[in-house]
Amino acid sequence: MASELGVQTIQHTNGTNALTIDSSGRVLTPARPAFSVRLATATDSNQDFTTLGDCPFDTIDFQVGNCVAISNNVATFTAPVTGIYHIHYTLSISGATVSGHVNSYLFIDNTADSVSTDNNWRHIEDPQGGSYSMGHSDALMQLNANQTVNPKISINVDTTIQVRRACRFFGFLVG
């Protein structure tokens, strides 16, 4: 269709490219909100995450649309526009030798569901006395502009865990 219309680029009124169709027919949307953050430095051993709290992050790999921030090791994604977003969170820990279960969550507007934290895109895993555990939370979220998403963690009983560098939190606007 672009070649029939003779259009290769659609620009925003300020002159920036909003959509480009390359010579192979690939559609590029360079202004689509997207981000990726990670934990580059593992936490100290013997961390106590028995109370629900924020998973630590310290590095922004990239962001398009100025949509993610890290403050005091807390990563917060803020939806710049209303739409459907794909959000992913990988939690990686070690030292979970006595944990009953490991929980990773995605919270909207930093608020737990009033009925159950199970409704907050929860992943639960029982490491069965093993040292390492990974949790993954994936979601398609309908977000309004300025709503926020935060990754959370809670570990049942065990106060001797270490959050590892494999932790990731990323997302993008689907449409």
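The shortest side-chain heavy-atom distance between Pro33 and Val64 does not fall under the 4.5 Å cut-off. You'll find the side chain of Pro151 reaches within 4.5 Å of the side chain of Phe57, heavy atoms only. By the 4.5 Å heavy-atom criterion applied to side chains, Cys55 and Phe49 are not counted as neighbours. Contact check for Val102 versus Ile93: side-chain heavy atoms found under the 4.5 Å cut-off. Taking 4.5 Å as the limit, every side-chain heavy atom of Ile153 sits out of range of all side-chain heavy atoms of Ser104. By the 4.5 Å heavy-atom criterion applied to side chains, Ile155 and Asn103 are not counted as neighbours.
Listed by chain and residue number, nothing satisfies the side chain to side chain donor-acceptor pair (under 3.5 Å) test with Gln142 (two or more places apart in sequence, or in another chain). Checked against side chain to side chain donor-acceptor pair (under 3.5 Å), Thr50 has the following partners two or more places apart in sequence or in another chain: Asp48.
In plain terms, the two heavy atoms of Arg32 and Val174 that are nearest each other are NH1-O, 2.8 Å. Across all non-hydrogen atoms, the minimal contact from Gln147 to Asn144 is OE1-N, 2.8 Å.
When hydrophobic clusters are built by joining Ile, Leu, Val, Met, Phe, Trp and Tyr residues whose side-chain heavy atoms come closer than 4.5 Å, directly or via intermediates, Val157 is not grouped with Ile161. Residue Ile60 is grouped with residue Val149 when hydrophobic side chains (ILVMFWY) are merged at heavy-atom distances under 4.5 angstrom, including chains of intermediate members.
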Please list, one pair per line, the donor and acceptor atoms closer than 3.5 Å that link side chains of residues 65-83 to other protein atoms, with sequence neighbours excluded.
unit_1	atom_1	unit_2	atom_2	d
Thr76	OG1	Asn150	ND2	2.8
Thr82	OG1	Ala145	N	3.0

What pairs of donor and acceptor atoms, side-chain ones from residues 164-171 against any protein atom, are under 3.5 angstrom apart with sequence neighbours left out?
unit_1	atom_1	unit_2	atom_2	d
Arg168	NH1	Asp61	OD2	2.7

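Listed by first then second residue, pairs satisfying side chain to side chain donor-acceptor pair (under 3.5 Å) with a partner in residues 84-95 read His86-Asp138, His88-Thr90, His88-Asp138, Thr90-His136, Ser94-Gln162, not counting sequence neighbours. Here salt bridge (charged side-chain N to carboxylate O under 4.0 Å, His left out) pairs that include residues 139-155, with residues two or more places apart or in two chains, are Asp54-Lys152. Applying the ring pair (Phe, Tyr, Trp, His ring centres under 6.0 Å) definition to pairs two or more places apart or across chains, none involves residues 139-163.
A donor-acceptor pair under 3.5 Å is absent between the side-chain atoms of Asp109 and the main chain of Thr111, judged by distance alone. The closest donor-acceptor contact from the side chain of Asp58 to the backbone of Thr41 lies under 3.5 Å.
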Yes or no on side-chain contact (heavy atoms from CB on, under 4.5 Å) for Thr59 and Val37, after CA distance, side-chain angles and deciding distance?
CA-CA 6 Å; Thr59 303; Val37 300; over 6 Å; no
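Remark: Thr148 OG1 to Asn146 CG distance equals 9.5 Å, nearest 0.5 Å.
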